[in-house]
There are 2 protein chains.
Amino acid sequence: MYIEHSVMTMTNHLNLKSAAAEKSSHPEYFNIAVSVDCVIFGYEGKELKVLLIKSDFEEFSDLYSLLGDLVKPDEDLDAASYRVLRERTGLDDVFLQQVHTFGAVDRHPSGRVVSTAYYSLVNINSHKLNINTNDLHWHSIKSIKKLAFDHKKILDTCVQMLQEQIMDHPVVHNLLPEKFSLRALQELYEAILGTSLDRRNFRKKIALKNWLSELDELEEGVTHRPGKLHKFKTKPLNLLKGISK
Amino acid sequence: MYIEHSVMTMTNHLNLKSAAAEKSSHPEYFNIAVSVDCVIFGYEGKELKVLLIKSDFEEFSDLYSLLGDLVKPDEDLDAASYRVLRERTGLDDVFLQQVHTFGAVDRHPSGRVVSTAYYSLVNINSHKLNINTNDLHWHSIKSIKKLAFDHKKILDTCVQMLQEQIMDHPVVHNLLPEKFSLRALQELYEAILGTSLDRRNFRKKIALKNWLSELDELEEGVTHRPGKLHKFKTKPLNLLKGISK
DNA sequence: GCAAAAGTGTTGAAGATACACCCATGG
DNA sequence: CCATGGGTGTATCTTCAACACTTTTGC
């Protein structure tokens, strides 16, 4: 199920069946594995995080990697990313955004794997979230210096894409509880963008988007004047709808 | 060399080597073909055009398709698109932009092919351009209603990407001769965007980009006051540099 | 009353749009 | 002299950034 295992299996299998001579006479036989890698973002403690798994690859011991898997022959590419997300988190009906496809020959040490990267945003504290193994951990984006394979590059590309999209589309929906204060939303944007934002300008800009409705409820449990709670008017973006331009 | 041929060969080959039982016990064996499709844009007669080839696929007789090929096992994904461009047009050192990867199971009638789309812009009248077969033709974007496979969708996606990028990056460099009038540049932008633009505002906007230098030469052969010629200050974007954000 | 964040408007700068006249050239 | 496009500037509007004070609540 792990991409590393699958690729190794495939590679060995091909090597058994074929000599170098056959390889050159039937180059099309020696195919390329297709995988997806999911950058699953979460948000906790005012930090943008990403769900990673400890690499069990010898070359990358002590490193973490993104969640990915090979695409099945009868499975749409988008569906594969959806499956990885579901298998790893138990979450369904979540927005996934295709970002880029990484196809360098040497990007995977065990064989040729072309991988399409997707990002997704999930609520770390959702009761639906069901991390299915102890090997998965949330890591603060800022703290990540190095990942297995080319996954740091993939992560960076996805972070950049996320940053470009949050002002035009309500993609952060899933990262917050149903009801939230504008301060919480602003802190989330600041965590994603890595900058601080002016409170008044931020509120004006968000108000213009018309994404939110203000509730007649106030924050609770805060040691200061409570803010009004808001919620998104629309349902979260899901796989089928995606971002409509 | 044609993707259609390669895919059929691969499919037959796999079928010969394997029974359904083996397929289910070694699903990873039955791999997915990886291809690239190039949307090669040109510009002629004030129209944005794309280079297409007559499909030799039975299901798509009378339809045209984009230029693509399978990615070789020892070839970077980007390099494959570069090779397709070179093989088809003789052009080297041309900017290619990855756009999106299309991976629906049923997108190719002969087997599973995941294809990454790239766009490129080339000068139809360049002396370097060497269309290597009579099967290739330039088609006006506006006139294209239907293409083979999912290529119409790929084309539309690439056109949209191109439209989004031309105001931020000097990607149209290759579509014009070395020296050109501002009117010619404006007509090109209008053809790509499918709108008309205000001449004064367009010139102001382009001037702010600081992409061009004005020459001490005038247009020739026009039946009106000749405009000053301009050229791009920078070299055309190429594969290695790409668009830096 | 104090700490902490909520809530709220205005001003200035920059960028975008709309718009009209005179100029240079070829015929 | 006429037709055609070259070349230019201004007024308006919108958008964005910068910025400060009063209010409400918990403690």
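Every chain is numbered from 1, with letters handed out A, B, ... down the list of sequences.
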Counting any heavy atom closer than 4.0 Å, what does R183(B) reach on the DNA or RNA strands: base, sugar-phosphate only, or nothing?
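Contact class for R183(B): sugar-phosphate only.
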I'd like to check [X] versus [Y] (side-chain heavy atoms, cut-off strictly below 4.5 Å). Are they in contact?
X	Y	value
Y43(A)	I124(A)	no
W211(B)	T234(B)	no
K49(B)	E44(B)	yes

Aromatic ring centroids of F180(B) and F232(B) under 6.0 Å?
yes
For dG26(D), does either OP1 or OP2 sit under 4.0 Å from a side-chain N or O belonging to R225(A)?
no
Counting only side-chain nitrogens and oxygens, does R199(A) get under 4.0 Å of the OP1 or OP2 atom of dA5(C)?
no
Taking the nucleotide of DNA chain C with the closest heavy atom to each, which residue, H224(A) or E214(A), is nearer the 5' end?
H224(A)
Given DNA chain C, 5'-ward residue of the pair V222(B) and E219(A), judged by closest heavy atom:
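Checking each residue's closest nucleotide, the 5'-ward one belongs to E219(A).
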Please list, pair by pair, any protein nitrogen or oxygen found under 3.5 Å from a nitrogen or oxygen in nucleotides 9-13 of chain D.
from: dT10(D); atom 1: O4; to: K204(B); atom 2: NZ; distance (Å): 3.0

5'-most contact on DNA chain D: L218(A) or K205(A), nearest heavy atom basis?
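So the residue in question is K205(A).
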Minimum heavy-atom separation for R199(A) and Q186(A), please, with both atom names.
CA-OE1, 3.5 Å
Which heavy atom of D37(B) sits nearest a heavy atom of G68(B), and at what distance?
OD1-CA, 3.5 Å
Any residue in residues 185-193 of chain A with a heavy atom nearer than 4.0 angstrom to DNA chain D? Just list them by number, or reply none.
none
Can you give me the bend angle of the helix from dG1(C)-dC27(D) to dG27(C)-dC1(D)? Use the axis through the first five pairs and the one through the last five, nearest 10 degrees.
0°
